Amino acid sequence: MSQILKLIALPISIILICLGIMTILGGHITPGGGFQGGAMIASGVILSVLVYGIGNSPIEFSHTYIEIFESIGALGFIALGLVGLFAGGFFLYNVGADIMNVVPSSIQTIFHYPDVTNAGIIPYLNIFVGLKVFVGLSAIVIAFAGFKKFIEEDVD
Amino acid sequence: MISIGPILFGFILGLIIGSQIKTGNIDDTSFKASSYVIIIIAGLIMAWQLGEFPFYDQFPLSTGFASALIGILLSKFILARSS
């Protein structure tokens, strides 16, 4: 790729990642959410991988990193659902907002998202989904770029 | 009153992603300290233009965006050591 692309791709990737994080954090009261924000973060990673190449990209995830955050995303979502099941009686019951008044106030305080909207666990679910989606989509692209490089080396 | 939620979680997500940004292996282009100053200025202008997203209207800056940028750059300088 050209020098100009290499100069501008990393700053744009960082800005795209920030926009993705902002979309995740506004997911409970604006359009967007975990999946959309995660896809925006992944687009930053994809831009970097495409411009710099798979071996030289400044934003590249190791196998362990992908494994850890994919697992945290899935297990965190299920754990929040189970908290709702055991504390409120339903899977994914919003223990932070507690509109049915069935959860003790100590548990409600723990899972209350600290902003003015009384959203409860919804922002936390968005964050876990966002983690899972950004790592998953990035892993797909990194794997495809790796296969392409492997095939090109094999042909040579 | 500024909401703590987007600031805290934006910073944490930024830390998670920024820890993997390593500029040491880029060939024929180098990113010096001045490059990151430009990124910070551009990011702050963007956060200002985005306004009080998502509609908290207590602070004229997108706090989630700004804290994510700070988290990414801090984590890049502290944790991503190969650069």
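Sequence lines set the chain letters: A, B, ... in the order given, protein chains first and strands last, and positions in each chain run from 1. No experiment lies behind these values; they were computed from the predicted model shown.
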message = How long is the straight-line distance from CD1 of A/Ile12 back to CD1 of B/Ile39, given to the nearest 0.5 Å?
response = 10.5 Å
Atom pair CG (A/Leu25) and CD1 (B/Ile7), whose distance is rounded to the nearest 0.5 Å = 10.5 Å
Around atom [atom1] of [X], are there more than 12 heavy atoms from other residues, nucleotides or ligands closer than 6.0 Å?
{"X": "B/Ile4", "atom1": "CD1", "answer": "no"}
{"X": "A/Phe35", "atom1": "CZ", "answer": "no"}
{"X": "A/Phe147", "atom1": "CZ", "answer": "no"}

Would you say the side chain of [Y] lies within less than 4.5 Å of the side chain of [X], judging by non-hydrogen atoms?
{"X": "A/Ile14", "Y": "B/Ile21", "result": "yes"}
{"X": "A/Ile21", "Y": "B/Ile17", "result": "yes"}
{"X": "A/Pro58", "Y": "B/Phe31", "result": "no"}

Cluster link [X] to [Y], ILVMFWY, side chain under 4.5 Å:
{"X": "B/Ile38", "Y": "A/Ile59", "value": "no"}
{"X": "A/Leu92", "Y": "A/Val103", "value": "yes"}
{"X": "A/Ile99", "Y": "A/Val95", "value": "yes"}
{"X": "B/Ile12", "Y": "A/Ile122", "value": "no"}
{"X": "A/Ile140", "Y": "A/Ile41", "value": "yes"}

Partner chain A: residue of B/Ile16, B/Leu69, B/Leu13, B/Ile72 with the largest heavy-atom pair count (under 4.5 Å) = B/Ile16
task = Report the option among A/Thr23, A/Asp115, A/Val135, A/Leu131 that has the most heavy-atom pairs separated by less than 4.5 Å from atoms of chain B.
result = A/Asp115
request  = Specify which of A/Ile24, A/Leu10, A/Thr117 makes the most heavy-atom pairs with chain B at under 4.5 Å.
outcome  = A/Leu10
Can you see which heavy atom on [X] is nearest to which on [Y], and at what distance?
{"X": "B/Ser19", "Y": "A/Tyr65", "value": "OG-CE1, 4.2 Å"}
{"X": "B/Ala68", "Y": "A/Cys18", "value": "C-SG, 4.1 Å"}
{"X": "A/Ser62", "Y": "B/Gln20", "value": "N-OE1, 4.3 Å"}

request  = Identify which part of A/Ser57 has an atom lying under 4.5 Å from any heavy atom of chain B, answering side chain, backbone, both or neither.
outcome  = backbone
Residue part contacting chain B, namely of A/Tyr113, when any heavy atom lies under 4.5 Å = side chain
query = Between B/Phe65 and A/Leu19, is a side chain to side chain contact (heavy atoms under 4.5 Å, CB included) present by the stated rule, with each step listed?
reply = CA-CA 6 Å; B/Phe65 185 94; A/Leu19 274 174; 3.8 Å; yes
